[in-house]
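Please read all numbers here as calculations on a predicted model, not as lab measurements.
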Amino acid sequence: MAKKSMINRELKRAKLVERLHAKRISLKDIIKSETATFEEKQAAVVALQKMPRDSSASRKHARCSITGRPHGVYSKFGLGRNKLREITMRGDIPGLRKASW
């Protein structure tokens, strides 16, 4: 089980990304725009740099939804490899079973 503080940090990041997503997109559009003046682009770059780092979507980290484990997370299921194996062995995920050949 991951520390509660780490799990809460990820939740805080997710909320921040969601809240400031539209503003980040608009600033990036201004920076990429061919019609914007140099001063407008510079102002947009400065505004983007002043935004919190955690508002960037690339700062989010995939975590297991049960244990909060940050490594070995299957995005299709949202579970860590350990819990995915346990749940698969119980037969709780339809169509998924342990490979044997």
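Hydrophobic cluster membership of Val46, counting Ile, Leu, Val, Met, Phe, Trp and Tyr whose side-chain heavy atoms lie under 4.5 Å apart directly or via other members: none, as it forms a cluster of its own. Other members of the cluster containing Trp101 do not exist, because no ILVMFWY side chain is joined to it at under 4.5 Å. Counting Ile, Leu, Val, Met, Phe, Trp and Tyr side chains that sit under 4.5 Å apart, directly or through other members, Ile31 shares a hydrophobic cluster with Leu16, Leu20, Leu27, Val45, Leu48, Met51. Counting side-chain heavy-atom gaps under 4.5 Å among Ile, Leu, Val, Met, Phe, Trp and Tyr, the cluster of Leu84 also holds Ile66, Tyr74, Phe77, Leu79, Ile87, Ile93, Leu96.
Residues that satisfy the side chain to side chain contact (heavy atoms under 4.5 Å, CB included) test with Lys3, not counting sequence neighbours, are Ser5, Met6. Taking the side chain to side chain contact (heavy atoms under 4.5 Å, CB included) definition, one finds that Val17 meets it with Ala57, Lys60, sequence neighbours left out.
Going from atom OG of Ser55 over to atom NE2 of His21 covers 11.0 Å, rounded to the nearest 0.5 Å. Here the NZ atom belonging to Lys28 is positioned 15.5 Å from the OG atom belonging to Ser33, to the nearest 0.5 angstrom. Atom CZ of Arg9 is separated from atom NZ of Lys4 by 15.5 Å, given to the nearest 0.5 angstrom.
Nearest approach of Ala2 to Arg63, heavy atoms of both residues: CB-NH1, 3.9 Å.
Counting heavy atoms from C-beta on, the side chains of Glu10 and His61 come closer than 4.5 Å. At a threshold of 4.5 Å between non-hydrogen side-chain atoms, the residues Arg85 and Lys98 count as touching. For the pair Arg69 and His71, the minimum side-chain heavy-atom distance is below 4.5 Å.
Listed for the Glu18 side chain is no donor-acceptor partner under 3.5 Å among the backbone atoms of Lys15. Checking side-chain atoms of Thr67 against main-chain N and O of Cys64 turns up no donor-acceptor pair under 3.5 Å. The backbone N or O of Arg53 lies less than 3.5 Å from no partner atom in the side chain of Ser56, so there is not a single donor-acceptor pair. Of the possible polar contacts, none joining the Lys41 side chain to the Glu34 backbone as a donor-acceptor pair under 3.5 Å is found.
Looking at Arg97 and Thr88, their side chains never bring a donor and an acceptor atom within 3.5 Å of each other.
Other residues, nucleotides and ligands place more than 12 heavy atoms under 6.0 Å from the CD atom of Gln42.
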